[in-house]
Amino acid sequence: MPYSQKDDQKYNEALKKQIEKLKKKRNAVIIVHNYQREEIQEIADISGDSLALSQAAVRTDADVIVFCGVHFMAESAAILNPGKKVLLPVKEAGCPMADMITPEKLKATKKQYPGAAVVCYVNSSAAVKAESDIACTSSNAIEVVKSLKEKQIIFVPDKNLGRYVQTQVPDKEIILWEGFCPTHIRVQEEDMLKAKKLHPNAEVVSHPECNPDVLALSDHICSTGGMFTYVKKSNSKEFIIGTECGMLYKLQKDNQDKKFYLPTENLVCAHMKLTTLGWVAHSLEMLVHEITVSEDIRENAAKTLERMLAATGEKKGAAIAGY
Ligand code: 13P
Ligand code: SF4
């Protein structure tokens, strides 16, 4: 029989059934970031932003965590769950921003600012977390910085998030790192201006990883998880979404009466899109690729993440709304 596009749907359905069976056999949970492909979001036991996923990883009773996201996310789950098997279906799924800092370079910067606290965005390696005082995500960065007694803060690695936090916490001095997200910086000011002209009634909701000129054109700035809450509450019927394209799937699904637009078509995180149903099935079948962290680094990185969870009201094992 000649191949038709319907075959792809057939294969995907077969893979979904296989994943369901393997999940039971392995006592596994599938945790999915909001930027993942539609078909991966459909098989999620838990989906959300980086903070929600770290919290979910702390709470799960499963023996195996299949992390559909990028390396630093699975690594955070491994740091917080030393007794569990954490799998990243595609080992090459990384975050280029997280690779823009090394623990050695951070150590050298700390020497330059001996009185400063180090806040690391979760988009960083375990070794960088181990060198930091407290972690943050895009949903709690302001709260985390405000919670510190130090006036000077070394904020790594995202300069755009750091700059945005500085505008919201003017009494702190934020020392920025030269890191950025290659996907979010693709949105140019002119893209946003054009999109606003095309959709004059739309509200602009952007991720803080976008450039400052784009953020200046935004009505609301928040994490991917925050976007769901904001859109649901808003009376507007149209939204321009300044973040990775994967967000539009669930925003549209959950808000059928509203319309969503991207400011530009190329907002694709290549790493986030590496995970496919085939790789998830393979991961559960072969129990690969296990993410591990050496105990000396893990202990310090765990303190950095746990300080963040404590500063934002989450204790290890506490009940989390929605899960
Ligand atoms: P969120 O925590 O807002 O989901 O962001 C993660 C990320 O990688 C954004 O690029
Ligand atoms: Fe990293 Fe940017 Fe991809 Fe998020 S969207 S995982 S920050 S490269």
Side-chain angles (χ1 to χ4, degrees), residues 31-37 40-41 44 46-57 67-77 88-101 119-125 128-129 135-144 155-162 164-165 177-187 205-211 214-215 218 220-231 241-251 262-264 266-275 305 308-309 312 314 320 322:
I31 296 189
V32 174
H33 186 263
N34 292 324
Y35 293 161
Q36 290 284 292
R37 293 169 180 275
I40 302 295
Q41 296 198 36
I46 295 157
S47 63
D49 63 13
S50 307
L51 179 62
L53 300 184
S54 296
Q55 292 165 332
F67 217 112
C68 300
V70 291
H71 188 274
F72 77 82
M73 296 178 173
E75 198 176 51
S76 296
L88 183 68
V90 181
K91 67 172 183 301
E92 291 78 16
C95 169
M97 181 206 285
D99 297 337
M100 291 177 189
I101 181 167
V119 177
C120 70
Y121 190 24
V122 278
N123 300 38
S124 55
S125 68
V128 165
K129 287 185 177 84
C136 75
T137 72
S138 55
S139 62
N140 62 19
I142 296 167
E143 205 183 340
V144 163
F155 192 98
V156 300
D158 187 17
K159 63 177 174 188
N160 282 343
L161 178 60
Y164 171 62
V165 172
W177 197 265
E178 262 309 306
F180 58 88
C181 165
T183 306
H184 283 84
I185 64 153
R186 283 190 201 138
V187 193
V205 184
S206 296
H207 196 277
E209 287 176 18
C210 290
N211 290 326
V214 169
L215 295 182
S218 305
H220 189 65
I221 298 161
C222 59
S223 73
T224 61
M227 290 183 184
F228 292 110
T229 320
Y230 184 78
V231 158
I241 302 294
T243 196
E244 212 271 349
C245 62
M247 273 303 292
L248 266 62
Y249 165 68
K250 202 158 174 279
L251 278 174
L262 285 174
T264 167
N266 56 2
L267 282 176
V268 183
C269 173
H271 287 262
M272 281 284 181
K273 299 303 192 245
L274 287 174
T275 311
L305 282 167
M308 166 187 83
L309 296 175
T312 52
E314 291 298 343
I320 294 148

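Counting starts at 1 for both ligands and their atoms, following the listed order.
- Those atoms of ligand 1 with a heavy atom of S223 less than 4.0 angstrom away are 3 (O).
- Remark: ligand 1 atoms within the under-4.0 Å shell around heavy atoms of Y35 are 7 (C), 9 (C), 10 (O).
- Note on ring orientation: taking the six-membered ring where Trp is involved, the planes of Y230 and H220 are parallel (angle under 30°, cut-offs 30° and 60°).
- Residue contacts with ligand 1 for T137 are absent, since no atom lies close enough (heavy atoms, distance under 4.0 Å).
- Classification of K273 and E244 as a salt-bridged pair holds, one side-chain N sitting under 4.0 Å from a carboxylate O.
- Here the shortest heavy-atom pairing between P208 and S138 reads CG-CB, 3.9 Å.
- Contact check for L309 versus L51: side-chain heavy atoms found under the 4.5 Å cut-off.
- H207 NE2, 3.3 Å is the protein heavy atom nearest to atom 5 (O) of ligand 1.
- In terms of protein heavy atoms, atom 9 (C) of ligand 1 is closest to E209 OE2, 3.1 Å.
- Residues M272 and M73 meet the side-chain proximity criterion, which asks for heavy atoms closer than 4.5 Å.
- Counting heavy atoms from C-beta on, the side chains of K91 and H71 never come closer than 4.5 Å.
- Annotation: side chain of S50 is not in contact with side chain of Y121 (no heavy-atom distance under 4.5 Å).
- Counting only heavy atoms from C-beta outward, the side chains of E209 and I185 never approach each other to under 4.5 Å.
- Taking a cut-off of 2.8 Å, the protein N, O or S atoms nearer than that to atom 2 (Fe) of ligand 2 are C181 SG.
- Residues forming a salt bridge (Lys or Arg N to Asp or Glu O under 4.0 Å) with E75 (at least two apart in sequence, or on another chain): none.
- The closest side-chain heavy-atom distance from P157 to E178 is not below 4.5 Å.
- Near H184, meaning under 4.0 Å from one of its heavy atoms, ligand 1 places the atoms 10 (O).
- Looking only at distances, no side-chain donor or acceptor of Q36 sits under 3.5 Å from a matching main-chain atom of Q41.
- Of all protein heavy atoms, the one closest to atom 8 (O) of ligand 1 is N123 ND2, 3.3 Å.
- The nearest protein atom to atom 2 (O) of ligand 1, hydrogens excluded, is given as S50 OG, 2.7 Å; this is a heavy-atom distance.
- Between D49 and ligand 1, no N or O atom pair is found at a separation short of 3.5 Å.
- A heavy-atom separation below 4.0 Å is not found between M97 and ligand 1.
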